[in-house]
*Asks:* 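Below you'll find the structure I mean.
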2 protein chains.
Amino acid sequence: MKRDSRLSGVLHVLLHMAEQGAPMTSEQLAKAMQTHPVVIRRTLGGLRDAGFVHSEKGHGGGWTIAKPLADITMRDVYDAIGRPGLMAMGNRTEAPGCLVERAVNAALDTSFQEAEALLLARFAEVTLAELAADFHARMAARSPSPTTQEHIHG
Amino acid sequence: MKRDSRLSGVLHVLLHMAEQGAPMTSEQLAKAMQTHPVVIRRTLGGLRDAGFVHSEKGHGGGWTIAKPLADITMRDVYDAIGRPGLMAMGNRTEAPGCLVERAVNAALDTSFQEAEALLLARFAEVTLAELAADFHARMAARSPSPTTQEHIHG
DNA sequence: CATCACGCACTATTTAAAGTTACATGAAAC
DNA sequence: GTTTCATGTAACTTTAAATAGTGCGTGATG
C-alpha cells in the first residue's frame with residue numbers, strides 16, 4: 001500500500017518553523033521538505049484552523065508557530081490534519097450479510113481498535129517541545145559546537 | 001491510502017473451507033468472496049506453502065484445511081500471506097540527513113512499533129476455531145434451528 | 001485423451017496520496 | 001495606487017500499491 005506521510009511531514013515542518021523564529025514562506029518550507037509549496041499550504045491549513053500556526057500574506061509574510069511547542073502534542077497535529085486512517089488493513093466488506101465474515105471482521109476490528117487506541121495515546125504523550133529537545137540532542141552529538149542553522153538539511 | 005483486505009479475505013475463505021468439509025475449488029471460493037479465482041489461488045498459495053491448507057488438481061480437486069482450526073491463529077495466517085504492512089502511515093524519508101526529520105521519525109517509529117507489537121500479540125491469541133465458534137453463535141442467534149449451509153451467504 | 005482445477009507470469013484497473021497548475025485575495029513596499 | 005510578494009483554494013495530473021483479470025502451462029481424474 002502507499003503509506004501516508006503527512007503526519008511525518010507536518011511535524012517536520014513545524015519543528016523547522018520553530019527553529020527559524022521568523023516567518024517562513026511555503027516556498028522555503030517546501031524546499032526543506034523537498035515538496036511543493038501548495039502541499040505545505042494544504043497540510044498546514046488544518047493546523048491554522050486549529051490555532052497551532054498562524055499565516056500571514058504579503059511581504060514578510062509566511063508561517064509562524066502560534067503556541068508554545070510544549071502545548072502541542074503529536075496527537076494534536078494528527079487531529080488537525082484530519083485524522084487520517086492509521087491501519088493499513090481493513091475489512092473486505094463493511095456491512096457483510098455473510099455471518100462468517102461478520103465473525104472475522106469482529107475479531108479483526110477488536111484488535112485494530114486496540115492498536116489505534118494505543119497509538120493515539122502514545123501520540124498524546126509526545127509534545128513538539130520534546131521532539132525539538134531530541135533534535136538539539138542529536139545536533140550536539142553530531143558535532144561539538146555547531147550553530148543551529150548549519151545543521152539543518154546540511 | 002488503499003487498505004489491504006487480504007487478511008480479512010483469507011480468514012473468511014478459510015472458515016468457509018472448514019464449514020464445507022469437502023474440497024472447494026477456487027471458483028467456488030471466489031464466488032463466495034465475490035472476487036476472482038486467481039485472487040483466491042494467490043492468497044491461499046502462501047498458506048499452502050506454510051502447511052495450513054492443501055490443494056489438489058484435477059477432478060474432485062480443490063482446497064482443504066490441512067490442520068485443526070484450533071492450531072491456526074490469525075497471526076499464523078498473517079505470516080503466511082507475507083506479513084503485509086500494518087500501519088497506514090510512514091515516514092516521509094527513510095534515511096534522512098536532516099536531524100529534525102530523524103527526531104520526528106524516531107518518535108513516530110517508537111509509537112508505531114508498539115502498536116504493531118500489540119496487534120501481532122492480539123492476532124496470536126485468536127485461533128480459527130474461536131472464529132468458527134463465533135460464527136456458529138451468530139448463526140444460532142439469527143434463527144432457532146438452521147442448517148449450516150442455509151446461512152452462509154444467504 | 002478430454003476435462004477439470006491449480007500454478008504462475010504478465011497485464012489492467014482502481015484508489016488515495018502527492019504533485020502541479022491556475023487564479024483569486026490580501027498585505028507590504030515603492 | 002500599482003507592483004510585488006505570499007497565502008487560499010479549486011481543479012487537474014501523476015504515482016504507488018492493492019486488487020482484478022488474462023493466458024497458458026501442468027498434473028490428476030474419469
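Throughout, protein chains are lettered first and strands after them, A, B, ... in sequence-line order, and every chain is numbered starting at 1. These figures come from a predicted structure and were not determined experimentally.
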*Asks:* Do the side chains of A:M139 and A:L69 join up, straight or via other hydrophobic residues, at under 4.5 Å, putting them in one cluster?
*Replies:* yes
*Asks:* Does atom CD of B:E125 have more than 12 heavy-atom neighbours from other groups under 6.0 Å away?
*Replies:*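 Buried by this count: over 12 neighbours within 6.0 Å.
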*Asks:* Of the options C:dT21, D:dC5, C:dC6, whose atoms approach the side-chain atoms of A:H59 most closely?
*Replies:*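 Closest of the options to the side chain of A:H59: D:dC5.
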*Asks:* C:dT20 base to A:H36 side chain: any donor-acceptor pair below 3.5 Å?
*Replies:* no
*Asks:* If you take any heavy atom closer than 4.0 Å to DNA chain D, which residues from residues 60-68 of chain B end up in contact?
*Replies:*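 DNA chain D contact set from residues 60-68 of chain B: none.
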*Asks:* Please give, in whole Å, the distance from C:dG19 P to A:E27 CD?
*Replies:* 15 Å
*Asks:* Expressed in angstrom and rounded to an integer, what is the separation of A:H54 atom NE2 from C:dA27 atom P?
*Replies:* 10 Å
*Asks:* Check whether B:Y78 reaches the backbone of B:P84 with its side chain - one donor and one acceptor, N or O, closer than 3.5 Å.
*Replies:* yes
*Asks:* Expressed as a whole number of angstroms, how long is the span from B:Q34:CD to D:dA20:C1'?
*Replies:*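 After rounding, the gap between these two atoms is 14 Å.
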*Asks:* Want to settle it: does A:V38 or B:K57 sit nearer the 5' end of DNA chain C, counting the closest nucleotide to each?
*Replies:* B:K57
*Asks:* Among the nucleotides D:dA18, C:dC6, C:dA18, which one has an atom lying closest to any side-chain atom of B:S26?
*Replies:*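 From the listed options, C:dC6 comes nearest.
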*Asks:* Is there a side-chain contact between A:K31 and A:P37 in this structure, where contact means two heavy atoms from C-beta onward sitting under 4.5 Å apart?
*Replies:*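 Side-chain contact under 4.5 Å: no.
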*Asks:* Starting from P on D:dG8, measure out to CG on A:L47 and report it in whole angstrom.
*Replies:* 12 Å
*Asks:* Side chain of B:R48: nearest nucleotide among C:dG7, D:dT7, C:dG19?
*Replies:* C:dG7
*Asks:* Given 3.5 Å as the limit, does a donor-acceptor pair link the side chain of B:R122 with the main chain of A:A107, or not?
*Replies:*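 Between the backbone of A:A107 and the side chain of B:R122 there is no qualifying donor-acceptor contact (under 3.5 Å).
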*Asks:* OP1 or OP2 of D:dT7 sitting under 4.0 Å from any side-chain N/O of A:R41?
*Replies:*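 True: A:R41 side-chain N/O within range (under 4.0 Å) of D:dT7 OP1/OP2.
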*Asks:* Answer yes if A:V39 and A:L29 sit in the same cluster of Ile, Leu, Val, Met, Phe, Trp and Tyr residues linked by side chain heavy atoms under 4.5 Å apart, and no otherwise.
*Replies:* no
*Asks:* Atom CG of A:L29 to atom P of C:dA18: distance rounded to whole Å?
*Replies:* 17 Å
*Asks:* My understanding is that only one of B:D4, B:V10, B:L11 makes a side chain to side chain contact (heavy atoms under 4.5 Å, CB included) with B:L7; could you say which?
*Replies:*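 When B:D4, B:V10, B:L11 are each tested with B:L7, the side chain to side chain contact (heavy atoms under 4.5 Å, CB included) holds only for B:L11.
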*Asks:* Check nucleotides 12-14 of chain D for protein N or O atoms closer than 3.5 Å to its own N or O atoms and list the pairs.
*Replies:*
none

*Asks:* Could you tell me whether the phosphate oxygens of D:dG8, OP1 or OP2, come under 4.0 Å of any side-chain nitrogen or oxygen in A:S55?
*Replies:* yes
*Asks:* Of the listed nucleotides (C:dT20, D:dG8, C:dC8), which one gets closest to any side-chain atom of A:V39?
*Replies:*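 Of the candidates, C:dT20 comes closest.
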*Asks:* Whole-Å distance between D:dT19 P and A:N91 CG?
*Replies:* 12 Å
*Asks:* Whether the side chain of B:S5 engages the backbone of B:S8 through a donor-acceptor N/O pair (distance < 3.5 Å, no angle test) should be reported.
*Replies:*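 Not a single qualifying donor-acceptor pair exists.
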*Asks:* It should be established whether A:S5 places a side-chain nitrogen or oxygen under 4.0 Å from OP1 or OP2 of nucleotide C:dA18.
*Replies:*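 The answer is yes; a side-chain N or O of A:S5 sits under 4.0 Å from OP1 or OP2.
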*Asks:* Rounded to whole angstrom units, what separation is found between the CZ atom of B:R6 and the C1' atom of D:dA20?
*Replies:* 13 Å
*Asks:* Mind calculating the distance between CZ (A:R83) and P (C:dA16) to the nearest angstrom?
*Replies:*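 For the pair A:R83 CZ and C:dA16 P, the rounded distance is 20 Å.
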*Asks:* Map B:G58 and B:P84 onto DNA chain D by nearest heavy atom, then report which one ends up closer to the 5' terminus.
*Replies:* B:P84
*Asks:* Between A:M74 and B:L118, is there shared hydrophobic-cluster membership here, with clusters defined by ILVMFWY side-chain heavy atoms closer than 4.5 Å?
*Replies:*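 Different clusters.
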*Asks:* Is a donor from one side chain sitting under 3.5 angstrom from an acceptor on the other, for B:W63 and B:S26?
*Replies:* yes
